[in-house]
Number of protein chains: 2
Amino acid sequence: MRTVEKALRLLDFFSDKMPEIGLSELAKLSGIDKTTVLRMLADMAECGLVEQKTDDKKWRLGAGVLRLARLREATQPVTRVLTPILERLAEQTGETAHASLLSGRDLANIGVVEPARANRVHIEPGLVLPLHATASGIAVTAFLRPEQRERVLARKLAAVTGQTPTSRERLAELVDRVRTRGYSVADQTYEDEVYGLAMPIFGPDGFACGALAVATPASRVTKAHEAAIIAALAPAAREATLGLGGRPSPEHRITV
Amino acid sequence: MRTVEKALRLLDFFSDKMPEIGLSELAKLSGIDKTTVLRMLADMAECGLVEQKTDDKKWRLGAGVLRLARLREATQPVTRVLTPILERLAEQTGETAHASLLSGRDLANIGVVEPARANRVHIEPGLVLPLHATASGIAVTAFLRPEQRERVLARKLAAVTGQTPTSRERLAELVDRVRTRGYSVADQTYEDEVYGLAMPIFGPDGFACGALAVATPASRVTKAHEAAIIAALAPAAREATLGLGGRPSPEHRITV
DNA sequence: CCGTGTCGGTTCATTATTTACACCGTTGTT
DNA sequence: AACAACGGTGTAAATAATGAACCGACACGG
């Protein structure tokens with residue numbers, strides 16, 4: 001279909017686990033012909049988005065992404081604003097805190113701070129979080145513009161774990177609950193044994209543009225621990241919204 | 001010509017000075033038809049590379065670039081390695097220090113540290129530096145693989161200032177001088193009143209993959225100041241090379 | 001030493017995608 | 001009220017993307 005999007009989707013195959021990919025490998029992964037993949041990679045390399053190692057000819061993300069990120073940070077310092085908030089959140093809760101922003105049709109993880117304890121949740125940097133399968137995603141969906149929310153509900157929902165909501169009804173139910181409670185709970189919907197709590201970050205238009213989340217091992221969850229996390233999350237999310245120049249939604253009220 | 005490259009080139013119109021661009025404006029800037037630009041932006045937005053503001057419909061870089069940058073830093077921590085080196089360099093020389101990496105056909109500025117004095121050179125974050133018109137660029141060109149170097153020399157060279165080398169002969173002369181001296185000098189070749197000194201950073205293959213540079217107001221340049229900067233630059237560049245997992249080139253010797 | 005598989009990369013005819021023109025509705029200005 | 005500029009949409013023509021076959025290089029195994 002659209003060539004540009006197909007090319008850019010290739011970038012999503014690079015991950016923490018697989019930072020370098022060979023031509024044939026990427027062609028197999030994406031299901032696109034080798035020739036096409038090569039042309040796309042060459043084009044993206046020309047612009048610095050990817051680069052090819054000289055020794056084994058494998059491809060990886062290029063220096064251009066660093067430049068673009070710096071450029072965005074220069075006028076929109078989200079990482080700088082979010083990092084101290086995440087650090088405080090991780091310290092207060094003793095759990096892994098992370099932030100993500102709407103990016104295309106999904107959520108892009110753009111900051112993680114892990115607490116100083118042995119048993120903690122690890123979150124891969126630069127992960128893409130599906131809107132329907134994570135606490136952050138559902139928190140964002142709940143406070144999207146109605147027509148956008150509708151579009152998310154209408155998607156076909158892939159099951160990530162056994163707990164992932166896959167029907168429109170189930171997801172709508174979760175979203176509704178978040179709208180009344182003000183925070184989102186994901187019990188092993190994205191990864192087994194991981195329990196997530198999240199709250200939306202609002203943009204200047206009063207709709208969600210991202211989320212702040214705390215992830216804990218499911219075994220450690222108690223009523224009290226959850227309440228403590230929510231209590232820490234609420235001011236942190238508010239601070240994040242204001243720090244990014246957003247406007248809190250009047251519809252967002254936390255009820256425990 | 002190639003659609004993907006054309007689309008990605010649109011990203012280069014975003015800068016520190018112009019972080020948000022409207023559709024028609026971008027069409028005018030790029031010389032591409034409105035329809036096409038819109039489709040390309042939509043495709044890139046789908047992947048998170050750009051996003052559209054809801055209020056004035058202008059476009060800007062998206063959260064996806066932050067994700068990609070994080071991903072690259074996770075496996076290749078160049079910013080983390082380079083920042084302390086730049087800070088030391090800026091302090092030692094009292095001048096603006098910056099680092100850039102090969103990115104496509106040009107050099108991408110990925111780190112700047114300005115000294116704590118009033119009269120200093122300001123360098124825009126995320127700037128793209130032409131290989132032929134900057135100290136960094138010529139330093140890199142001088143220690144590229146011979147065939148790549150040849151390709152750079154064969155380009156048509158745009159004049160940025162009155163001092164920019166525009167003929168192949170002039171550029172080759174500058175490059176040769178850098179190969180014997182080990183460092184590069186750019187006297188107002190990119191910006192008036194700015195004097196640049198640079199040294200290459202080497203990749204694992206022993207060829208240049210970037211540069212470390214110090215920029216000073218031309219009015220402040222003296223023999224002694226220049227010597228002091230070179231003396232600070234040499235160990236810094238070596239440290240950068242090693243810190244990034246590179247191998248210093250045996251052909252790189254500094255002669256003052 | 002010769003098959004065999006895989007790799008990155010190239011060629012070229014076919015096809016489907018991109019493209020540009022005109023047009024629409026809205027907004028803000030004169 | 002007329003006008004211009006903006007973001008965005010349809011459609012027909014043309015250009016650019018596509019994928020099968022192919023090439024040389026390399027590694028492995030008999």
Side-chain angles (χ1 to χ4, degrees), chain A residues 1-14 18-62 104-105 145 147-148 150-151 203-205 207, chain B residues 1-14 18-47 49-62 102 104-105 145 147-148 150-151 203-205 207:
Chain A
M1 308 284 160
R2 285 154 303 185
T3 320
V4 179
E5 189 182 346
K6 258 199 272 188
L8 295 178
R9 289 280 171 225
L10 292 178
L11 298 177
D12 290 342
F13 289 100
F14 295 92
M18 199 185 247
E20 301 175 351
I21 311 184
L23 172 60
S24 300
E25 203 176 354
L26 191 50
K28 230 168 284 172
L29 284 169
S30 62
I32 304 178
D33 191 89
K34 248 192 337 179
T35 314
T36 309
V37 172
L38 180 63
R39 280 175 45 87
M40 288 170 172
L41 285 171
D43 282 6
M44 292 196 283
E46 200 75 16
C47 302
L49 248 60
V50 297
E51 59 192 21
Q52 188 174 30
K53 287 171 64 193
T54 46
D55 51 354
D56 62 1
K57 304 270 185 177
K58 289 199 173 193
W59 298 82
R60 65 178 174 202
L61 294 174
R105 46 193 307 113
R145 313 185 98 82
E147 65 274 18
Q148 282 185 51
E150 186 48 43
R151 227 174 298 146
D205 54 2
F207 293 97
Chain B
M1 312 282 156
R2 283 154 303 184
T3 320
V4 178
E5 189 182 345
K6 257 199 274 188
L8 295 177
R9 288 281 171 224
L10 292 179
L11 297 176
D12 289 343
F13 290 99
F14 294 92
M18 198 185 250
E20 301 175 352
I21 311 183
L23 171 60
S24 300
E25 202 176 354
L26 191 51
K28 229 169 284 170
L29 284 169
S30 62
I32 304 178
D33 190 89
K34 250 192 335 180
T35 316
T36 311
V37 172
L38 180 62
R39 278 177 45 89
M40 288 170 171
L41 285 172
D43 283 6
M44 292 196 283
E46 200 75 15
C47 302
L49 247 61
V50 297
E51 59 192 21
Q52 189 174 28
K53 287 171 64 193
T54 46
D55 51 352
D56 60 2
K57 305 268 185 178
K58 288 200 173 192
W59 299 81
R60 65 178 175 203
L61 294 175
L102 266 179
R105 46 193 307 112
R145 312 186 99 83
E147 66 273 18
Q148 281 186 51
E150 185 49 43
R151 229 173 297 146
D205 55 2
F207 293 97

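Quick caveat, the model's predicted, so the values are computed rather than measured. Reminder, nothing fancy here: chain letters follow the sequence lines and each chain counts from 1.
- With C:dT18, D:dT18, D:dG8 as the choices, the nucleotide that has an atom nearest any side-chain atom of B:W59 turns out to be D:dG8.
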| request: Determine, step by step, whether B:C47 and A:L11 satisfy the side-chain contact (heavy atoms from CB on, under 4.5 Å) criterion, reporting the C-alpha distance in whole Å, the side-chain angles of both residues, the deciding distance to 0.1 Å, and the verdict. | output: CA-CA 9 Å; B:C47 302; A:L11 298 177; over 6 Å; no
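- Residue B:E51 holds its CD atom at 10.0 Å from CH2 of B:W59, rounded to the nearest 0.5 Å.
- Of the side-chain N and O atoms in A:Q52, one or more sit less than 4.0 angstrom from OP1 or OP2 of C:dG9.
- One can place CG of B:D55 at 15 Å from C1' of D:dC6, the figure rounded to the nearest angstrom.
- For the pair B:L49 and A:L49, the minimum side-chain heavy-atom distance is below 4.5 Å.
- Nucleotide C:dT17 holds its P atom 17 Å from the NZ atom of B:K6, rounded to whole Å.
- The pair B:E147-B:R151 fails the salt-bridge criterion, with no side-chain N (NZ, NE, NH1 or NH2) lying under 4.0 Å from an Asp/Glu carboxylate O.
- In this entry the distance linking NZ of B:K57 with C1' of C:dT26 reads 10 Å, nearest Å.
- Heavy atoms of B:E5 sit nowhere under 4.0 angstrom from any nucleic acid atom.
- What separates CG of B:D43 from P of C:dT19 is a distance of 10 Å, to the nearest Å.
- Scanning both residues, B:V4 and A:D43, for their nearest heavy atoms gives CB-OD2, 3.5 Å.
- Note: NZ (A:K58) to P (C:dT6) measures 16 Å, nearest angstrom.
- Side-chain atoms of A:M40 lie closest to D:dT18 of the nucleotides D:dT18, C:dG9, C:dT19.
- Contact record, A:Q52 with A:K57: NE2-O, 3.0 Å, taken as the closest heavy-atom pair.
- Counting to the nearest Å, the C1' atom of C:dA20 and the CZ atom of B:R39 are 12 Å from each other.
- Proximity of residues 19-36 of chain A to DNA chain D (heavy atom under 4.0 angstrom from any strand atom) is restricted to A:D33, A:T35, A:T36.
- Rounded to a whole Å, the CG atom of B:L38 is 6 Å from the C1' atom of D:dG8.
- A pairwise comparison of heavy atoms in A:A27 and A:D33 identifies CB-C, 4.4 Å as the closest pair.
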